[in-house]
Engineer: 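I am attaching a structure below and will ask some questions about it afterwards.
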Protein chains: 2
Amino acid sequence: MINGRFALAIHILSLLSMEEGVSSEYIASNININPVLVRKELSRLSKANLIITKEGKNGGSYLACSPKKITLADVYKATYEKPLFNHSKNTPNPQCPMGSKIGLIMEDVNKMAEAALLKKLKSISIEQFNK
Amino acid sequence: MINGRFALAIHILSLLSMEEGVSSEYIASNININPVLVRKELSRLSKANLIITKEGKNGGSYLACSPKKITLADVYKATYEKPLFNHSKNTPNPQCPMGSKIGLIMEDVNKMAEAALLKKLKSISIEQFNK
DNA sequence: ATGACTGTAATTAAAATTATTACAGTACAA
DNA sequence: TTGTACTGTAATAATTTTAATTACAGTCAT
């Protein structure tokens with residue numbers, strides 16, 4: 001349901017936990033996806049300090065720390081910024097008894113849902129995927 | 001991120017907890033969305049035994065039970081069937097050390113994430129939204 | 001300076017979501 | 001028993017999101 005960027009980021013990080021210093025082309029060919037998408041994801045992961053990338057010749061990416069320390073909560077946060085559950089952008093009829101409330105309700109629901117999700121994701125580290 | 005159906009279902013059910021026996025046209029105009037989408041969602045909710053709908057003249061929808069008993073976990077399950085986190089349908093290179101594993105990994109991650117999410121959603125009932 | 005990379009913008013293609021049109025089927029009620 | 005007000009659903013189109021591609025400037029080791 002949610003787009004494939006979370007899976008992509010997990011794939012990238014797990015791969016880096018096995019082979020470091022590899023290029024985006026190499027990663028992309030392994031995942032069978034377009035290299036530009038990989039670079040964009042690498043850029044997000046880098047901004048979140050989960051990886052370090054070296055530009056130029058012999059460049060490539062490295063985990064910024066031990067895979068044990070990188071949790072799926074970190075990955076999730078680095079990957080997404082929008083709330084989990086979308087809701088229609090059509091403004092509902094304010095005369096409708098729910099119309100004026102649904103926005104705030106969904107905000108609350110999103111907060112609670114994301115908190116629960118992140119709590120669980122925090123208990124899963126990248127390390128366990130390279131076995 | 002996830003499509004708007006969850007929010008739609010919540011909106012519908014909350015509305016029904018305030019005004020019963022209303023038509024899909026009425027609901028749609030309140031939500032400011034197309035009536036056919038409402039009917040489709042009503043149909044899903046009905047199949048999940050969360051509501052009862054009456055066809056024909058003077059038809060309309062009713063909650064199947066007290067709003068106190070309808071939790072967001074019920075709504076989530078009625079609304080979605082696909083796993084939470086998608087992953088690319090391109091089969092990754094099986095020579096890639098992660099290629100053969102990412103599918104199973106994402107299955108596991110999805111299982112754990114959904115369980116945590118549903119646990120939280122189970123604690124939230126529709127009732128609290130009609131205040 | 002050259003070759004092997006990253007970073008990113010711009011564009012296109014494909015897929016998913018939402019909207020619309022249309023109409024058959026159901027049920028009430030005059 | 002016919003009209004009216006609904007639901008159910010198929011088919012199609014419009015819109016939005018996601019993924020892919022092309023292109024090229026910038027970086028850096030050699």
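In what follows, every chain begins at residue 1, and chains take the letters A, B, ... in the order their sequences are listed. These numbers were taken from a predicted model, which means no experiment stands behind them.
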Engineer: Hey, are A:S17 and A:N130 close enough side-chain-wise for a donor-acceptor pair under 3.5 Å?
Structural biologist: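 Checked: A:N130/A:S17 side chains pair up, N/O donor to acceptor below 3.5 Å.
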Engineer: Run A:F85 and B:N3 through side chain to side chain contact (heavy atoms under 4.5 Å, CB included) and show every step you take.
Structural biologist: CA-CA 7 Å; A:F85 294 112; B:N3 70 32; over 6 Å; no
Engineer: Here's a test of your reading of the structure: between B:M1 and B:S61, which maps to the more 5' nucleotide of DNA chain D?
Structural biologist: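 Its nucleotide being nearer the 5' end, the pick is B:S61.
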Engineer: Rounded to whole angstroms, how far apart are CG on B:N3 and C1' on D:dT16?
Structural biologist: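 Value for this atom pair: 12 Å.
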Engineer: Less than 4.0 Å between a side-chain N and a carboxylate O, is that true for B:R44 and B:E81?
Structural biologist: no
Engineer: Could you tell me the separation between the CG atom of A:N86 and the CE atom of B:M1, rounded to the nearest 0.5 Å?
Structural biologist: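 Between atom CG of A:N86 and atom CE of B:M1 there are 8.5 Å.
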Engineer: Students should find this one: the first and last nucleotides of DNA chain C, 5' to 3', lying under 4.0 Å from a heavy atom of chain A. What are they?
Structural biologist: C:dG3 to C:dA19
Engineer: Mind listing the closest non-hydrogen atom pair of B:M98 and A:F129 along with its distance?
Structural biologist: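 Looking at all heavy atoms of both residues, the shortest contact is SD-O, 3.7 Å.
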Engineer: Check nucleotides 1-6 of chain D for protein N or O atoms closer than 3.5 Å to its own N or O atoms and list the pairs.
Structural biologist:
residue : atom : partner : partner atom : Å
D:dA5   : N3   : B:K57   : N            : 3.3

Engineer: Nearest-Å distance, NZ (B:K89) to P (D:dA19)?
Structural biologist: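 Checked: the NZ to P distance equals 7 Å.
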Engineer: Say whether B:T79 and B:R5, considering side chains only, have a donor N or O and an acceptor N or O under 3.5 Å apart.
Structural biologist: no
Engineer: Please state how far atom CG in A:N90 lies from atom P in D:dA14, giving the value in whole angstrom units.
Structural biologist: 18 Å
Engineer: For A:E114, is there an ion pair with A:K77 - N to carboxylate O distance below 4.0 angstrom?
Structural biologist: no
Engineer: Would you call the rings of A:F6 and A:Y76 parallel, tilted or perpendicular, where under 30° means parallel and over 60° means perpendicular?
Structural biologist: perpendicular
Engineer: Mind checking if B:N86 touches a base, just sugar-phosphate, or nothing, with heavy atoms under 4.0 Å?
Structural biologist: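 If one applies the 4.0 Å heavy-atom cut-off, B:N86 turns out to touch nothing in the nucleic acid.
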Engineer: Answer yes or no: is there a side-chain heavy-atom contact under 4.5 Å between B:Q128 and B:S125?
Structural biologist: yes
Engineer: Is any side-chain heavy atom of A:E127 closer than 4.5 Å to one of A:S66?
Structural biologist: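 In short, these two side chains do not touch, never coming nearer than 4.5 Å.
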Engineer: Report yes if the side chains of A:I31 and B:C96 come closer than 4.5 Å at any heavy-atom pair, otherwise no.
Structural biologist: no
Engineer: Name every residue in residues 27-43 of chain A that has at least one heavy atom under 4.0 Å from any atom of DNA chain C, in order of residue number, or write none if there are no such residues.
Structural biologist: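 Heavy-atom contacts with DNA chain C come from A:V36, A:R39, A:S43.
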